[in-house]
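Whatever order the structure lists them in is the order used to number ligands and atoms, beginning at 1.
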Amino acid sequence: MMETTTLAGLNFELSEEQIAVRDAARDFAQNVLKPGVIDRDREQRFPKDEIKQLGELGFLGMMVSPEYGGGGMDTISYVLAMEEISKIDASASVVMSVNNSLVCWGLEEFANEEQKQKYLVPLAKGEVIGAFCLSEPEAGSDATSQRTTAIDMGDHYLLNGTKNWITNGGTASTYLVMAQTDAAKKHKGINCLIVEKGMPGFVVGAKEDKLGIRGSDTHTLMFQDVKVPKENRIGEDGFGFTFAMKTLSGGRIGIASQALGIASGAYELALAYSKERKAFGKAISEHQAIAFKLADMVRRSKRLVCFA
Ligand SMILES: Cc1cc2nc3c(=O)[nH]c(=O)nc-3n(C[C@H](O)[C@H](O)[C@H](O)COP(=O)(O)OP(=O)(O)OC[C@H]3O[C@@H](n4cnc5c(N)ncnc54)[C@H](O)[C@@H]3O)c2cc1C
């Protein structure tokens, strides 16, 4: 059975496979994520068991080719799954988004065969999770101002510096770390190194106490004379900034799907409440102002769909 949606004159048809992926994600969100979501958020508890199950279902390496342990799915399937998970649990979906878009995609696209076998396969299967480490205290939007250094020591790089606000910072096993090797070359002197948890000198620092998505762990990471083997560099010398920017471009699709899921989840809750809550003798959804607001929310979320 095909589903057809017409919007702004465009026809979006979902394939049977895309519908099956969406429905599987919806069932998982309702049955597995929903029961504990409020407690996990309040207690800042990482959804460890739930993420393990998401991995077993193939949601952590959705677009990676089966050759490397992934689901071989298309971007629309990824967007639909992200939206469904985000409607219920935005913490779980940010873990999923980073692993799929910022770690697996970048590795499949730019890593060499040995790196893919060693790092991508377990990440795509969801056996471990990954983190993408670009931001620093003085390098957020201005990501070229990297102060973390990766000095070329011949057979290895010596990594020193601090990364901030890293999603999956405490729970990941594999970290893609951007660092400056040759400051004179500015952004063309930046490399991306694959760093493993447990490498001597790599310390996971404080966890952020956030306003939202509190089940997702966001950490500061410190690198003190970490010896990273040369074979852990992704691409040619100086490719790190291009790697980061290209990977972030794909990442925006995951984040847009997340925003869409959060908005439609909020809408569904508000709609249900407006039918249940009574004031002045009838459900508040029957009062003109509320009915107008809900219709406006539908219009806005449709615009979000176009934007995503
Ligand atoms: C929950 C969370 C998870 C995160 N996860 C990761 C992660 O996994 N990996 C990672 O590397 N980073 C991560 N980050 C960091 C994130 O990428 C940065 O917060 C982001 O790049 C913005 O940097 P900043 O916070 O330093 O803000 P700033 O760059 O200081 O920006 C502050 C404000 O100024 C505006 N601004 C900046 N430059 C301009 C300009 N040229 N013109 C107009 N306006 C401008 C910005 O839009 C913003 O509103 C995460 C952040 C959060 C909050």
Side-chain angles (χ1 to χ4, degrees), residues 37 40-42 44-47 51 60-61 82 85-86 89-107 110 119 123 128-150 159-180 186-187 190-197 202-223 226 234 239-259 261-263 307:
V37 66
R40 287 195 300 276
D41 205 66
R42 191 182 294 125
Q44 298 197 70
R45 196 155 29 86
F46 185 81
I51 292 296
L60 294 184
M82 275 295 296
I85 301 294
S86 305
D89 188 343
S91 295
S93 73
V94 78
V95 179
M96 185 177 152
S97 166
V98 166
N99 205 70
N100 274 285
S101 303
L102 297 188
V103 181
C104 286
W105 185 86
L107 284 173
F110 301 112
Y119 297 108
L123 284 161
V128 295
I129 57 173
F132 176 89
C133 315
L134 177 68
S135 301
E136 299 182 2
E138 302 300 325
S141 312
D142 181 12
T144 50
S145 297
Q146 296 284 307
R147 293 206 180 155
T148 297
T149 53
L159 185 64
N160 278 287
T162 300
K163 294 289 173 182
N164 276 41
W165 312 295
I166 304 303
T167 302
N168 302 341
T171 44
S173 298
T174 305
Y175 298 76
L176 305 184
V177 182
M178 270 37 80
Q180 186 64 261
K186 298 188 175 161
H187 69 282
I190 294 172
N191 279 308
C192 175
L193 305 179
I194 305 172
V195 176
E196 295 173 23
K197 183 179 262 162
F202 172 22
V203 177
V204 175
K207 179 170 157 176
E208 299 294 338
D209 182 10
K210 305 192 296 297
L211 274 176
I213 53 170
R214 289 163 58 82
S216 140
D217 68 318
T218 315
H219 282 261
T220 296
L221 306 176
M222 279 91 75
F223 304 95
V226 181
I234 297 180
F239 180 67
F241 190 70
T242 305
F243 171 86
M245 292 302 113
K246 290 197 171 195
T247 303
L248 281 172
S249 293
R252 299 191 203 293
I253 296 172
I255 297 300
S257 326
Q258 190 184 29
I262 293 170
F307 187 64

Undergrad: Has the side chain of Arg214 got a donor or acceptor atom that lies under 3.5 Å from a matching backbone atom of Gln44?
TA: no
Undergrad: With side chain to side chain contact (heavy atoms under 4.5 Å, CB included) as the test, pick out the partner of Ser91 among Val37, Ile51, Ile85, Ile213.
TA: Ile213
Undergrad: Is the closest heavy-atom distance from Val98 to ligand 1 below 4.0 Å?
TA: no
Undergrad: Among Ser141, Gly130, Ser145, which one puts a heavy atom closest to atom 28 (P) of ligand 1?
TA: Ser141
Undergrad: Would you tell me which option among Ser97, Gly140, Ala143, Ala172 has the nearest heavy-atom contact to atom 21 (O) of ligand 1?
TA: Gly140
Undergrad: Report the relative orientation of the aromatic rings in Phe243 and Phe110; use parallel for angles under 30°, tilted for 30 to 60°, perpendicular for over 60°.
TA: perpendicular
Undergrad: Which protein heavy atom lies closest to atom 52 (C) of ligand 1, and at what distance to 0.1 Å?
TA: Trp165 CB, 4.4 Å
Undergrad: Can you check which of Gly212, Cys133, Ser135 brings a heavy atom nearest to atom 16 (C) of ligand 1?
TA: Ser135
Undergrad: With a 3.5 Å cut-off and no angle check, do the side chains of Glu196 and Tyr119 form a donor-acceptor pair?
TA: yes
Undergrad: Any protein heavy atom at under 4.0 Å, with atom 34 (O) of ligand 1 as the reference point?
TA: no
Undergrad: Among all protein heavy atoms, pick the one closest to atom 2 (C) of ligand 1 and tell me residue, atom and distance.
TA: Thr218 CG2, 4.4 Å
Undergrad: Using modelled atom types and a 3.5 Å cut-off, is there a donor and acceptor pairing between side-chain atoms of Asn160 and backbone atoms of Thr149?
TA: no
Undergrad: Applying ring-ring contact (aromatic ring centres under 6.0 Å, His included), can you list everything that pairs with Phe132, at least two apart in sequence or on another chain?
TA: none
Undergrad: Give a yes or no answer on whether the side chain of Ser86 reaches the backbone of Met82 with a donor-acceptor pair at less than 3.5 Å.
TA: yes
Undergrad: Does atom 12 (N) of ligand 1 have any protein heavy atom closer than 4.0 Å?
TA: yes
Undergrad: Are the charged groups of Glu136 and Arg147 less than 4.0 angstrom apart, N to O?
TA: no
Undergrad: Got an N/O contact under 3.5 Å between Ile213 and ligand 1?
TA: no
Undergrad: Counting heavy atoms only, which of Thr167, Asp142, Val94 comes nearest to atom 8 (O) of ligand 1?
TA: Thr167
Undergrad: Verify the distance criterion only: is there a donor paired with an acceptor across the side chains of Ser97 and Gln258 at less than 3.5 Å?
TA: no
Undergrad: Counting each atom of ligand 1 from 1 as listed, which ones have a heavy atom of Phe132 under 4.0 Å away?
TA: 7 (C), 8 (O), 9 (N), 10 (C), 11 (O)
Undergrad: Looking at atom 45 (C) of ligand 1, is any protein heavy atom nearer than 4.0 Å to it?
TA: no
Undergrad: Might you check, step by step, whether the distance between atom 5 (N) of ligand 1 and some protein heavy atom is under 4.0 Å?
TA: yes
Undergrad: Consider side-chain hydrogen bond (donor to acceptor under 3.5 Å, both in side chains). Of Lys186, His187, Lys163, Gln180, which one does Gln146 pass it with?
TA: Lys163
Undergrad: If you scan the protein for heavy atoms around atom 50 (C) of ligand 1, do you find one that is closer than 4.0 Å?
TA: yes
Undergrad: Looking at atom 37 (C) of ligand 1, is any protein heavy atom nearer than 4.0 Å to it?
TA: yes
